[in-house]
Trainee: 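One structure, as C-alpha cells, below. Some questions next.
Since the model is a prediction, treat every value here as computed from it, not as a measurement.
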Amino acid sequence: MQELRFDDIRFTTAIGSDQTWLRRALGGHELSVQLAVGVSPFAEAGKILALEAELFGFGSTPAQRSRLGRVTANLAYTPVVTRHQVNLVFPLTSLQVHAIEEARTGDVRFEIDLNATLPQAAGYPGCAQTTEYITLAKSTWEQQIAQLGPSAAFEMAVPFPLGDPQRAEVGRLLREAQRLLTTGEVRASILEIRRALEWIQHNVDWDRPGSKKLASQCNQSERWWRIQDALYSQTSGAMHNDPVTKDFLYDRAEAETLLAMTAALLRNVPDLTPVIPAHHRLKRGAAHLGATGPARLGLGGVPLADDHKNDEDQDHEPADEAGETRTV
C-alpha cells in the first residue's frame with residue numbers, strides 16, 4: 001500500500017495481482033489494472049483527484065525497466081465514500097506482449113509509477129510520486145496468454161491477403177504454432193509448422209530435382225523446392241523416433257526460427273485465386289457444365305472428393321534419373 005500526501009488530505013493506493021488482467025482488444029491487447037484508492041476524512045466535498053499512471057515491464061536483466069504505456073484518470077471523491085476503484089487500462093501491442101513473454105523466466109513483474117494532483121486544491125496541488133508493484137504468477141500469466149488465442153501471435157512481416165482464404169488458413173496454422181510456443185509446447189508448435197509446409201508443397205509449381213542432382217546444377221525453381229524440402233525435413237525430425245532422429249532436441253529458439261522461415265517462404269507461393277469461366281465451373285472436384293460454384297477445397301488445395309493424402313514420411317522418394325524433375 002502506498003500513500004499520496006497533500007497539504008490537507010491523504011490518499012492510500014493499492015493494487016492486487018488478482019485485480020490485473022491481460023485481455024484482447026481490437027487490433028491489439030490491453031492490461032487492465034484495478035487501483036484501490038482510499039480517502040481520508042475531510043469536511044469539504046466535490047473534489048477531483050487527477051492521476052497519471054505509467055506502466056513499466058522488465059527485460060531479461062532484472063534492473064532493466066522499460067516503459068510500456070501511460071494513461072490518465074480522474075477520480076471524483078466525497079467525504080461519504082472513503083474507498084474507490086479506478087480502472088487503469090494500458091493498451092499493449094502484440095510485439096510488446098511477445099517481448100514480455102520472451103523476457104520472463106517464470107512470474108511476470110510490472111511496476112506502475114503514480115503521479116497525482118489536486119486541481120482544485122487551495123494550496124500546492126502536487127505530491128511525491130509513488131510506485132505500485134505487481135507480480136503475476138507464472139500459471140496465471142500463461143492462462144491469460146492462452147485466453148488471447150491466435151491474437152497473441154507475434155507480428156510477422158508476411159502479408160496474408162484478405163481475398164485469399166486458402167493462404168489465410170495456412171496463416172492460422174502459423175499463428176497457432178506461435179501460441180503453442182507461448183505455453184512451452186515446442187514439439188506441438190513444430191507439428192503446426194510442418195502442416196503449413198505440407199500446404200506449401202501442394203500449392204507451388206516449383207520443379208522437384210532428382211536426389212542425385214548437384215545443388216550447383218539446379219535451376220531457380222529447383223532451388224526453391226530444395227529450400228522448402230530442407231525445412232520440411234527439419235520439422236519432420238520432431239515427429240519421428242527413428243534411429244537418426246530419436247536423439248534430436250528442439251528448443252524454443254529453433255522452433256521460432258522454423259516458424260519465421262516458413263512464414264517467409266509462404267510469401268513466395270503463387271497467387272491461388274482461381275479464374276473460372278462463368279459457363280464452366282468445377283463441382284466436387286470434376287468439371288461440369290452449368291455447375292453453380294467452384295469445388296470445395298481442403299487445406300492442401302485438394303478437392304474434398306479426392307482421396308489424395310499427404311506423405312507423412314520424413315524422406316521423399318528420389319527421382320529415378322539424375323536429371324529427372326518433378327512438378328508438384
Side-chain angles (χ1 to χ4, degrees), residues 22-24 29 60 92 94-108 136-158 160 165-203 227-267 269 298-302 308-316:
L22 179 64
R23 301 185 298 207
R24 183 186 307 180
H29 317 281
S60 55
L92 296 176
S94 294
L95 288 177
Q96 286 177 311
V97 173
H98 183 63
I100 295 169
E101 175 64 16
E102 279 290 297
R104 76 176 179 92
T105 56
D107 298 344
V108 177
L136 292 179
K138 176 179 180 291
S139 58
T140 301
W141 174 259
E142 290 179 351
Q143 181 181 12
Q144 294 184 8
I145 284 286
Q147 290 175 351
L148 297 180
S151 68
F154 70 88
E155 298 173 4
M156 294 178 288
V158 178
F160 298 113
Q166 295 185 65
R167 198 187 302 252
E169 183 158 352
V170 75
R172 284 191 289 272
L173 288 176
L174 297 179
R175 289 193 292 271
E176 174 64 11
Q178 172 60 25
R179 187 193 68 79
L180 290 168
L181 277 180
T182 300
T183 59
E185 299 179 58
V186 173
R187 286 184 175 269
S189 175
I190 294 177
L191 173 59
E192 296 301 315
I193 298 170
R194 183 174 185 259
R195 292 178 63 196
L197 286 166
E198 289 174 347
W199 184 93
I200 291 175
Q201 287 180 350
H202 291 292
N203 287 278
I227 289 173
Q228 69 79 24
D229 193 47
L231 276 175
Y232 184 78
S233 178
Q234 188 72 347
T235 59
S236 296
M239 304 299 113
H240 293 78
N241 193 31
D242 55 48
V244 176
T245 63
K246 66 179 181 179
D247 295 326
F248 284 14
L249 298 176
Y250 294 90
D251 57 18
R252 180 182 178 126
E254 185 164 3
E256 286 186 343
T257 301
L258 291 170
L259 175 59
M261 294 175 71
T262 303
L265 193 64
L266 178 63
R267 179 65 182 89
V269 175
L299 178 60
V302 179
H308 175 82
K309 295 183 180 179
N310 292 331
D311 181 8
E312 296 293 335
D313 293 333
Q314 175 182 348
D315 299 318
H316 302 289

Trainee: Check whether any side-chain heavy atom of E192 lies under 4.5 Å from a side-chain heavy atom of E185, and answer yes or no.
Mentor: no
Trainee: Return the CG to CD distance between L197 and Q234, rounded to the nearest 0.5 Å.
Mentor: 11.0 Å
Trainee: Minimum heavy-atom separation for A255 to I190, with atom names?
Mentor: CB-CG1, 4.0 Å
Trainee: Got a donor-acceptor contact below 3.5 angstrom from the R252 side chain to the L181 backbone?
Mentor: yes
Trainee: Measure across A177 and I193 and return the closest heavy-atom pair with its distance rounded to 0.1 Å.
Mentor: CB-CG1, 3.9 Å
Trainee: Can you tell me how far the NE2 atom of H29 sits from the CG atom of L95, to the nearest 0.5 Å?
Mentor: 9.0 Å
Trainee: Quick check for you: to the nearest 0.5 Å, what is the distance between L258 atom CG and L174 atom CG?
Mentor: 11.5 Å
Trainee: Does any part of the side chain of W141, heavy atoms only, come nearer than 4.5 Å to the side chain of L22, both counted from C-beta?
Mentor: yes
Trainee: Rounded to the nearest 0.5 Å, what separation is found between the CD1 atom of I145 and the NE2 atom of H98?
Mentor: 10.5 Å
Trainee: For the side chain of S233 and the backbone of D229, is there at least one donor-acceptor N/O pair under 3.5 Å apart?
Mentor: no
Trainee: One thing to verify: whether R194 and E198 come together as a salt bridge, which I'm taking to mean a side-chain N less than 4.0 angstrom from a carboxylate O.
Mentor: yes
Trainee: Can you give me the closest heavy-atom contact between Y250 and V186, atom names plus distance?
Mentor: O-CG1, 3.8 Å
Trainee: First locate atom CG of L191, then atom CD of E176, and finally report the distance between them rounded to the nearest 0.5 Å.
Mentor: 10.0 Å
Trainee: Supply the atom-to-atom distance T262 OG1 to I200 CD1, rounded to the nearest 0.5 angstrom.
Mentor: 6.0 Å
